[in-house]
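Data block below; observations after.
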Amino acid sequence: MKVFVDQDTCISCGMCVSACNEVYEFNDDGKAEAVVDVVPPELEEDAGQAAQNCPVEAITKTE
């Protein structure tokens, strides 16, 4: 699975970072971003849940 955070949509709420900080981190602009190219299998559930819970739907996931 891969995840992508749309920088124009992200509101920096931090929900994804707190849910799965191994995959999501804040960048220098204060926006969340995915820091892995491919989400490791053991983190897919947490990373996917973070994407689902994003209040502005800024995270896209692909298989």
Side-chain angles (χ1 to χ4, degrees):
M1 177 173 86
K2 293 183 179 187
V3 291
F4 170 77
V5 181
D6 182 335
Q7 298 296 291
D8 293 329
T9 305
C10 179
I11 60 169
S12 306
C13 74
M15 187 175 292
C16 60
V17 174
S18 62
C20 192
N21 64 0
E22 299 92 340
V23 174
Y24 305 102
E25 291 181 4
F26 288 114
N27 62 23
D28 291 339
D29 294 329
K31 303 281 183 130
E33 68 180 1
V35 294
V36 297
D37 290 329
V38 177
V39 177
E42 66 272 13
L43 298 176
E44 283 187 357
E45 185 175 340
D46 289 342
Q49 193 67 35
Q52 231 177 351
N53 292 335
C54 178
V56 294
E57 299 179 352
I59 303 171
T60 304
K61 62 180 186 172
T62 58
E63 297 302 320

Which heavy atom of [X] sits nearest to which heavy atom of [Y], and what is that distance?
X	Y	value
D46	A19	CB-O, 4.0 Å
A58	C54	N-SG, 3.2 Å
A47	C20	N-SG, 3.9 Å
C10	V5	CB-CG1, 4.1 Å

Separation between [atom1] of [X] and [atom2] of [Y], rounded to the nearest 0.5 Å:
X	Y	atom1	atom2	answer
I59	Q52	CD1	CD	11.0 Å
Q49	E44	CD	CD	13.5 Å
E25	E33	CD	CD	7.5 Å

Requested in this report: Count the heavy atoms belonging to other residues, nucleotides or ligands that lie under 6.0 Å from CD of E22, then report whether that count exceeds 12.
Outcome: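 Counting other residues, nucleotides and ligands, CD of E22 exceeds 12 neighbours.
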Query raised in the report: Within a radius of less than 6.0 Å around CD of Q7, do more than 12 heavy atoms belonging to other residues, nucleotides or ligands occur?
Result: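 For Q7, atom CD is crowded (more than 12 foreign heavy atoms under 6.0 Å).
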Query raised in the report: Mind checking whether M15 and F26 sit in one hydrophobic cluster, side chains of I, L, V, M, F, W, Y counted as touching below 4.5 Å?
Result: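 The answer is no; the residues belong to distinct hydrophobic clusters.
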Requested in this report: Treat each ILVMFWY residue as a node, draw an edge where side-chain heavy atoms are under 4.5 Å apart, and state whether F4 and V56 are in one component.
Outcome: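 The answer is no; the residues belong to distinct hydrophobic clusters.
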Query raised in the report: Under 3.5 Å, is there a donor-acceptor pair between the side chain of D29 and the main chain of K31?
Result: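 No; zero donor-acceptor contacts below 3.5 Å.
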Query raised in the report: Could you go step by step and tell me if Y24 and V3 meet the side-chain contact (heavy atoms from CB on, under 4.5 Å) rule?
Result: CA-CA 9 Å; Y24 305 102; V3 291; 3.5 Å; yes
